[in-house]
Protein chains: 2
Amino acid sequence: MYTLKQLEAFYWSATLGSFNASSNRLHTTQSAIAKRVGELESFAGMPLFERQARRLLLTQQGHKLLVMAREMLELNQRIVQSIGDPSSLEGVVRLGVTELVGLTWLATLIDEISRRYPNVQLMPEIDGGLTLYERLQRDELDLAFMPGPFWSYEYDSTPLGSVRNVWMASPDIDIESGRELTPHDLAPYPVISQPPNSALSHIYDAWFAEQGMSVKRVFTCNNLGVTAQLTALGMGISYLPDAYFSPVVARGVLRRLDVKPDLPPIHYYSVCKKSFVTPLLSTLVDVACEVARFDIPGGTSRRQGGTPSEASP
Amino acid sequence: MYTLKQLEAFYWSATLGSFNASSNRLHTTQSAIAKRVGELESFAGMPLFERQARRLLLTQQGHKLLVMAREMLELNQRIVQSIGDPSSLEGVVRLGVTELVGLTWLATLIDEISRRYPNVQLMPEIDGGLTLYERLQRDELDLAFMPGPFWSYEYDSTPLGSVRNVWMASPDIDIESGRELTPHDLAPYPVISQPPNSALSHIYDAWFAEQGMSVKRVFTCNNLGVTAQLTALGMGISYLPDAYFSPVVARGVLRRLDVKPDLPPIHYYSVCKKSFVTPLLSTLVDVACEVARFDIPGGTSRRQGGTPSEASP
DNA sequence: ACAACTTACGTTACCCGTAACGATT
DNA sequence: AATCGTTACGGGTAACGTAAGTTGT
């Protein structure tokens with residue numbers, strides 16, 4: 001007999017056109033996929049794929065099976081959703097997040113997931129928003145939490161909340177305080193901004209251009225803590241998430257600059273390929289919506305979140 | 001995740017109302033069935049059966065699953081029939097046959113099956129037709145080849161051919177030969193007949209009564225060879241399959257009695273429960289129809305069928 | 001006492017991942 | 001050289017059957 005796993009391997013290999021892509025999709029190795037398909041073929045007694053140089057082509061039998069395999073896997077989904085215990089959810093999720101998410105609520109999410117679904121394993125990676133998007137495209141990630149929107153129609157996205165960024169400077173810097181500033185007032189100061197692979201810089205650069213605002217960049221720094229540190233030391237000004245750094249502001253280490261117009265808020269989304277949506281991913285997104293808070297550092301269990309440090313780790 | 005095997009175990013347990021019956025149906029042990037169902041329940045996170053004293057009762061979740069399980073197993077059948085290689089058929093079949101089948105074409109069948117479907121294992125048992133029927137009812141057999149018809153609507157049957165029985169006697173016995181005999185002429189002679197669990201005796205006894213014919217039984221013998229032997233030795237007369245024993249008649253060891261009216265022909269059928277019909281069983285029945293011959297001893301490979309012996313083994 | 005399900009345990013067999021290889025562009 | 005599919009091998013786990021235990025009639 002054949003198994004559901006073999007059918008699944010066959011289905012995704014046929015859909016994605018290669019064993020390699022299929023193995024990424026199913027979180028396993030090419031070897032395993034090839035073996036499952038091979039077993040299915042030996043059950044069928046004939047090849048289901050024509051192994052061409054660069055791609056797989058379905059044989060006639062393969063086409064017949066593909067239709068029924070899809071049907072079967074859909075029925076399978078219905079069964080899982082109908083009688084499957086949520087707590088028996090299992091699987092691996094490669095999750096991409098931006099640094100801000102990592103600093104605020106990622107730990108809360110991990111805690112929550114491992115508590116509710118002990119058999120789900122998250123593999124989080126921190127990277128810039130644009131890099132995350134590229135990795136989603138290459139099927140190297142299953143899900144990403146990042147600013148947007150700027151993805152194409154083949155992605156599913158769910159809003160997670162908004163982040164207000166404000167201009168920050170060292171309290172020692174000689175910018176007139178107590179009055180409202182204009183972008184023009186910022187022009188003389190060097191700006192410490194996000195690296196090019198950041199979605200934030202992508203969005204804000206466009207906005208700056210729109211405003212006719214020219215920014216002088218001295219650094220692009222890929223670490224928020226370091227950026228805050230450099231800003232506090234007076235190396236330049238920077239735009240930083242307001243809520244997360246408000247304790248630092250309260251301690252007088254950083255100073256908000258009251259610049260008008262305000263920087264536009266950054267909208268965070270949970271993003272994944274539509275074809276990747278599974279019960280597991282949907283559940284994960286639901287939990288993410290619950291716990292997403294961009295103000296205080298999270299993690300409910302062990303290290304009860306401290307206040308953000310102005311020093312880099 | 002769950003597996004098709006678990007679903008199958010659940011389905012048949014629900015249908016047949018017990019793990020025991022299910023284990024017979026699926027050719028495995030209660031232990032294995034209970035475990036598969038248990039795994040399915042732990043996947044569902046709740047019981048699917050209420051274990052009552054004498055029977056299983058479906059829970060609410062169980063009912064929901066049963067519908068989808070049936071659907072899934074039907075789809076599974078379609079897939080198997082569509083792309084499954086016939087030569088990859090596998091499984092165990094408990095096969096009941098009468099002695100005559102065992103003496104004539106059973107060996108041919110086994111040869112043919114093991115040649116075409118090396119992964120199919122036949123477990124033949126020789127017994128009287130009525131016993132075979134009872135064992136079918138108790139799910140102790142999957143399929144039987146026996147005379148009929150006398151089974152109920154819940155059985156599937158396929159004709160396999162007919163057998164002509166004739167009255168036989170020792171050449172030495174003082175029955176007038178050369179003229180046509182009547183049943184009345186047989187009355188004085190003891191009859192060696194089939195045991196009560198034989199379908200043959202069942203059918204013929206009814207016919208004898210219908211004909212107003214009284215037979216004096218001395219022996220009932222459950223072995224055809226021995227019956228022939230005893231008949232040849234003049235212990236009595238008997239009705240024996242004409243074709244199979246014609247070589248013995250040719251050698252002058254037995255003598256046909258030309259009694260009118262002829263004994264009615266016996267129709268053989270392949271019989272199984274309708275709910276047991278699977279691709280495997282259907283195929284097996286097809287092959288049986290091909291090879292069923294009640295005249296010569298069969299078996300194509302090793303012992304090239306010899307002529308029937310008049311001595312018991 | 002019997003019939004049914006459950007549990008425990010040792011064995012088996014299968015499935016997977018690593019890694020080396022071959023073929024194609 | 002890079003990418004993809006295949007093959008070989010070793011390790012781990014899960015599924016099985018035997019058999020003893022338990023529970024109800």
Side-chain angles (χ1 to χ4, degrees), chain A residues 1-43 46-59 62 88 90-92 94 119 121 123 137-140, chain B residues 1-43 46-59 62 88 90-92 94 119 121 123 137-140:
Chain A
M1 272 299 275
Y2 68 100
T3 67
L4 284 176
K5 277 187 168 184
Q6 290 164 11
L7 225 55
E8 198 179 31
F10 165 78
Y11 175 78
W12 284 107
S13 299
T15 303
L16 303 176
S18 98
F19 290 171
N20 235 324
S22 175
S23 70
N24 286 330
R25 176 70 190 77
L26 298 175
H27 300 117
T28 179
T29 61
Q30 302 101 331
S31 182
I33 296 293
K35 220 175 293 183
R36 291 181 204 173
V37 172
E39 286 163 2
L40 201 56
E41 283 175 323
S42 83
F43 169 74
M46 60 187 65
L48 299 168
F49 288 114
E50 276 181 37
R51 269 76 163 173
Q52 284 205 357
R54 223 41 169 179
R55 63 185 169 205
L56 295 175
L57 239 75
L58 282 170
T59 65
S88 71
E90 61 184 8
V92 178
R94 294 162 307 180
N119 298 318
Q121 191 187 347
M123 299 181 55
Q137 282 184 310
R138 275 185 253 121
D139 293 342
E140 293 171 6
Chain B
M1 272 300 276
Y2 68 100
T3 67
L4 283 175
K5 278 187 167 183
Q6 290 164 11
L7 225 55
E8 198 179 31
F10 164 78
Y11 175 78
W12 285 107
S13 299
T15 302
L16 303 175
S18 98
F19 289 171
N20 236 323
S22 174
S23 70
N24 285 332
R25 176 70 189 76
L26 297 175
H27 301 115
T28 178
T29 62
Q30 303 99 331
S31 184
I33 296 293
K35 219 174 295 182
R36 290 181 204 173
V37 173
E39 286 162 3
L40 201 56
E41 283 175 323
S42 83
F43 170 73
M46 60 187 65
L48 298 167
F49 288 114
E50 275 181 38
R51 269 77 163 173
Q52 285 205 358
R54 223 43 166 179
R55 65 184 167 205
L56 295 175
L57 238 74
L58 282 170
T59 63
S88 72
E90 61 183 7
V92 177
R94 293 161 308 179
N119 298 317
Q121 189 186 347
M123 298 182 55
Q137 282 183 307
R138 278 187 251 119
D139 293 342
E140 292 171 7

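Chain letters run A, B, ... following the sequence lines, proteins first and then strands; every chain starts at 1.
For the pair L26(B)/K5(B), no side-chain contact is recorded, criterion being any heavy-atom separation below 4.5 Å from C-beta on. Annotation: side chain of T3(A) is not in contact with side chain of T3(B) (no heavy-atom distance under 4.5 Å). Counting only heavy atoms from C-beta outward, the side chains of F49(A) and L57(A) never approach each other to under 4.5 Å.
Distance from the side chain of R51(A) is smallest for dT6(D) among the nucleotides dG17(C), dT6(D), dT6(C).
Taking atom CZ on F49(B) and atom P on dA4(C), their separation rounds to 15 Å, with Å as the unit. Rounded to whole angstrom, the span from the CD atom of Q30(B) across to the P atom of dA19(D) amounts to 13 Å. Following rounding to the nearest Å, L48(B) (CG) and dC5(C) (P) show an atom-to-atom distance of 15 Å. Here the P atom of nucleotide dT3(D) and the CD atom of E140(A) are 11 Å apart, to the nearest Å. Residue I33(A) contributes atom CD1, which lies 14 Å from atom P of dC15(C) at whole-angstrom precision. When the P atom of dT7(D) is taken as reference, atom CD of E41(A) falls 11 Å away, rounded to whole Å.
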Report each atom pair, protein N/O against N/O of nucleotides 21-25 of chain C, whose distance is under 3.5 angstrom.
none

Any N/O pairs under 3.5 Å between the protein and nucleotides 10-15 of chain D? List them or say none.
residue: dA15(D); atom: OP2; partner: E39(B); partner atom: OE2; Å: 3.3

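Put simply, the side chain of S22(A) never gets that close to the backbone of W12(A): no donor and acceptor are under 3.5 Å apart.
OP1 or OP2 of dG17(D) lies within a sub-4.0 Å distance of a side-chain N or O belonging to T28(B).
A donor-acceptor contact under 3.5 Å is formed by the side chain of S31(B) with the base of dT18(D).
Each end of the helix from dA1(C)-dT25(D) to dT25(C)-dA1(D) gets its own rotation axis from five pairs of C1' atoms, and the angle between them is 30° to the nearest 10 degrees.
In this structure, the salt bridge (Lys or Arg N to Asp or Glu O under 4.0 Å) partners of R51(B), at least two apart in sequence or on a different chain, are E41(B). Partners of E50(B) by salt bridge (Lys or Arg N to Asp or Glu O under 4.0 Å), not counting sequence neighbours: none found.
Annotation: proximity of residues 7-26 of chain B to DNA chain D (heavy atom, distance under 4.0 Å) is found for no residue.
By the 6.0 Å contact criterion, CE on M1(A) is enclosed, its count of non-hydrogen atoms from other residues, nucleotides or ligands being greater than 12.
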For this session: I would like to know whether M46(A) and T59(A) meet side-chain contact (heavy atoms from CB on, under 4.5 Å); could you show each step before the answer?
Result: CA-CA 9 Å; M46(A) 60 187 65; T59(A) 65; over 6 Å; no
